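Below is one structure, written out as C-alpha cells; the observations come after it.
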Amino acid sequence: MMQEAKLTTAPNGPTYFERVQNIYRKHGELIAALAGGLLTLSAYLLGLLQVPLSWLLYPAAYVIGGFYKSKEGIIATIRTRQLNVELLMVTAAIGAACINHWLEGAILIFIFALSGALETYSTAKSTNALAALMKLQPEVARLIANGQESILPVTKICPGDQILIKPGERIPCDAVIVTGETTADEATMTGESVPVYKQAGATLMAGTMNLDGSVIARVTKRSEDALFSKILDLVQSAQTTKAPTQLFIERFERNYVKAVLIAAALMLFAPHFLFGWSWGETVYRAMVLLVVASPCALVASTTPAILSSIAYGARRGILIKGGVHLEQLASVKAIAFDKTGTLTKGRPEVARFINTSTLDDVALIKRIAAIENHSSHPLGKAIVSYSARLSGQSMLPEAERVKVKPGFGVVGWVHGTEYLIGKKEMMDTDALKAFHQLEQPAIMPDDETVVYIASEGRVIGCLSLVDQIRDSAKEAIRTLKKYGIKTVMITGDNEKTAAAVQKASGVSSYIANCLPENKAMEIQKMNQAYGHVAMCGDGINDTPALAQASVGIAMGAGNDAALETADIVLMKNDLTRIADSVRLSRKMSRIVKMNIAFALTIIVFLLATNFLQFLTMPFGVVGHEGSTILVILNGLRLLRG
C-alpha cells in the first residue's frame, strides 16, 4: 500500500541575483562581445569629437570583448599544448595597440568574439537532444512480488521480475506479457502509425505506450540494455563524432597560427640583419604583419553569409541550428526519409466507406462514430473525424453498452441495434465471406487498414483507412531529383506498405522493416556509399539516424527528441522546404568559397607588399578592413535567398 503523499509549500521563484546569474551564464559571452563592440564604437565617435581621454575606452573594449575568447584560447593551449586562432587574434590586437592602432585591434576582437558567441549558441542547441530523449524514458516501474505492488526505479528492476503496466502508462522495460491483453502504440520505436494488439507471450518495448489494457509482464532486459537505452547511446555517440570538415579546419587553424607567429617573430629581427632595416622599421613591419595576417577577413568570410542564410531560412519556415549544418547540406548526395509522419501525415484517415445496409451513408457513419467516440484508438478517432466531415458536424446519437475489445475492435448499441466494428477476426466467417462476394471489386490495397461493420448477424459495410501521403512530398521528391540527389525511404513498416508509399511519393528506393538501430546502420552504409547523407524524420525512433546523418532534418510537428536532435527543422511541415534548404546551402557554399579565396588573396598581397616595404599601416588597415567589409557585404546578399 502506497504512502499518502505529503503536501509541501512550493518554493519561491528565483531571486533577482539568481536571475542575473542565469542570464550571465546563458548569454554572458554574447553580452561581452556586444559590450566590446559598443565601447569600440563609442571610442571612435568620441575620438572624432576630440573628447579628452576617449582612447581609454579601447583598452576597456579589449578586456571586456576579448575576455571569453582569450580565456578559451589560454585554457585550450594549456590543455592541448597547441597554439590556436584565439591567441593569434589577441596577439594581433595587442600588436595593433603597440603601434597606436587601437581601433583596428578592437574591431578584430569584436568580430572574432561575436562569431565565437554565436558558435557557442549553436553548440548548446545540439546538447539538448539527450535531455529531450531522457524525458521519454520511464523512471519507475510497478514491481509485483509476493502478491504486493511496489514502485521502484527502473534501474533496480532485474530480468525475471514481474511488473504491472496500467493503461496510459509508458512501458518501463523490455518485457514479455504474462497475463492480460492490451494495445500498444509502438510508433516511437518502429514508426508504425497503427497500434499493435498484444496478448500473453507478446513482447513489449521500453519507451512505447500501453493504450487500453492492464497487463502483468516479465522483464527480459535491464533498463541499460533496452532498445531505448541503445537509442540514447547511438545519439550520444553520433553527436560527439567530429565531421571530417571540422577536423580539417582545426588542423588548418593550428598550422596557420604557427606560420603567422613564426613569421612575425622572424620579422622582428631578421630584416635588420639581412637587409639592413632600422630597428624601428623592423618592429613596425612586424606589427603590420600581425595586423594584416590576422584572420579577421577569413572569419568574416563565413559568419555574415551563415547568419544571412539562417535569417532567410527562418523567414521561410526553415529553422537552421548552425551554419556548419547548412554547409554540409550543400555536399549531400542522398536524403533518407522516414515514412510515418514525414512522407505521410502520421495519422490514419478514412479513404473509402462501403455501406450495404438499409441506412444511408450519413446515418450509418454517425451510429458507428457514436460508438467509436468512446474509444481512444487512433482508428476510432479517424472514423469520428470522417463522420464529422460527412455529416457536417451534426450531433451524434447516443451509444450504449459500449465495450472495447483490445486488439480487435469495439461493440456498442445505438437506437436498440448492436454494432460490431473492428478487424476481420472479430467478424463471423460466413458473414464476412458473403460481404466479400458482394463487394469483390472493392477489395482494399495491402497498404490500407480495413475496419468492418457488422450488425444482426451480417457484415454491412467497411471503412478503408490509410496514412495519407503529404501534399508536399511528391513535389519535394521531384525537385530533389532535379538537384541530382537520391531519395530513399527508411521505414519500420512492412514491404507491401513501403512499396505502396514509394509508388505514391516517387522516392527512388526504400528500405523496410527497420528498427531504430537498423535505421542508424543504414545511414552509416549510405554515408560510406555517398559521402554525405541527410536524414528527414519526426519521431524518437528516427533520432539515432538523425544524429548519425551528416545533416538531420526534422518535421516541425514531430517529437521533441527529434526536434532537438535534428540540425534543421521544417517548422511548417512542408517537405518542399528541404529543396529550398539545399538550394540555399549550395549558394551559401559558393559565396563562402568566393569570400575565403578573396580574403586569402588580399592577405597574401598585403604580406608581400609589407615585406617589400611598400605598405604603410594606413594602407594596410584600408586593405585589411576593406577586404573584411567586402566579404561581409557579399555574405549579406544571402538575406534575399
Side-chain angles (χ1 to χ4, degrees), residues 122-133 136 188 191 231-246 309-310 313-314 317-343 476 480 485-492 511 514 516-528 530-571 573-575 577-582 584-585:
S122 176
T123 304
K125 273 287 185 182
S126 64
T127 59
N128 292 331
L130 286 177
L133 284 174
L136 296 177
T188 54
I231 292 176
L232 290 172
D233 293 338
L234 286 167
V235 174
Q236 190 173 32
S237 174
Q239 286 190 331
T240 54
T241 302
K242 292 183 178 181
T245 304
Q246 184 180 356
S309 300
I310 291 173
I318 306 167
L319 175 61
I320 304 165
K321 296 185 179 180
V324 64
H325 311 307
L326 195 60
E327 184 181 0
Q328 287 180 332
L329 187 61
S331 305
V332 162
K333 303 298 182 185
I335 297 181
F337 291 89
D338 172 51
K339 181 187 80 71
T340 306
T342 304
L343 288 175
L480 290 172
I485 295 176
K486 181 179 176 64
T487 54
V488 181
M489 179 177 66
I490 302 180
T491 177
I511 303 169
C514 279
E517 66 266 30
N518 300 129
K519 287 188 178 184
M521 289 172 59
E522 293 297 337
I523 292 296
Q524 284 183 334
K525 293 178 183 177
M526 290 177 65
N527 276 326
Q528 294 172 358
Y530 299 102
H532 290 85
V533 175
M535 170 69 190
C536 184
D538 73 308
I540 184 177
N541 60 305
D542 301 316
T543 52
L546 289 171
Q548 189 67 54
S550 303
V551 181
I553 305 172
M555 307 298 286
N559 181 274
D560 287 346
L563 296 179
E564 292 290 351
T565 305
D567 306 310
I568 298 174
V569 178
L570 308 180
M571 300 304 294
N573 302 311
D574 186 353
L575 289 176
R577 298 305 185 203
I578 295 180
D580 291 343
S581 302
V582 172
L584 181 65
S585 68

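Since this is a predicted model, take the numbers as computed values, not measurements.
Applying the side chain to side chain donor-acceptor pair (under 3.5 Å) test to Thr487 and every residue at least two apart in sequence or in another chain returns Ser508. Taking Ser581 as the reference, Ile318, Leu329 meet the side chain to side chain contact (heavy atoms under 4.5 Å, CB included) condition, with sequence neighbours excluded. Take Asp574 and apply the side chain to side chain donor-acceptor pair (under 3.5 Å) test, not counting sequence neighbours, and it matches Thr576. Residues passing the side chain to side chain contact (heavy atoms under 4.5 Å, CB included) test with Ser550 are Asn527, His532, sequence neighbours excluded.
A 4.5 Å side-chain heavy-atom check between Ile511 and Thr491 finds every atom pair outside the cut-off. Within the 4.5 Å cutoff, the side chain of Asp338 has heavy atoms near those of the Asp538 side chain. Looking at Gln524 and Gln548, their side chains come closer than 4.5 Å, going by heavy atoms from C-beta outward. The shortest distance between side-chain heavy atoms of Phe337 and Asp542 does not fall below 4.5 Å. Counting heavy atoms from C-beta on, the side chains of Met526 and Ile490 come closer than 4.5 Å. No side-chain heavy atom of Met535 sits less than 4.5 Å from a side-chain heavy atom of Ile553. A 4.5 Å side-chain heavy-atom check between Val488 and Ile335 finds every atom pair outside the cut-off.
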Go through it in stages, so that I can follow the logic: the residues are Leu480 and Lys486, the test is side chain to side chain contact (heavy atoms under 4.5 Å, CB included), and I'd like the CA-CA distance, side-chain angles, deciding distance and then a yes or no.
CA-CA 7 Å; Leu480 290 172; Lys486 181 179 176 64; over 6 Å; no

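How far CD of Gln328 is from NE2 of His325: 7.5 Å, rounded to the nearest 0.5 Å. Residue Arg577 holds its CZ atom at 14.0 Å from SG of Cys536, rounded to the nearest 0.5 Å. A distance of 5.5 Å separates CG in Leu326 from OG in Ser309, rounded to the nearest 0.5 Å. In this structure, CD1 in Ile523 is found 8.5 Å from CG in Leu546, a value given to the nearest 0.5 Å.
A donor-acceptor distance shorter than 3.5 angstrom exists from the side chain of Asp567 to the backbone of Gly552, with no hydrogens or angles considered.
Closest approach of Pro544 to Ala520, counting heavy atoms only: CB-CB, 4.0 Å. Across all their heavy atoms, Val332 and Val533 have their closest contact at CG2-C, 4.2 Å.
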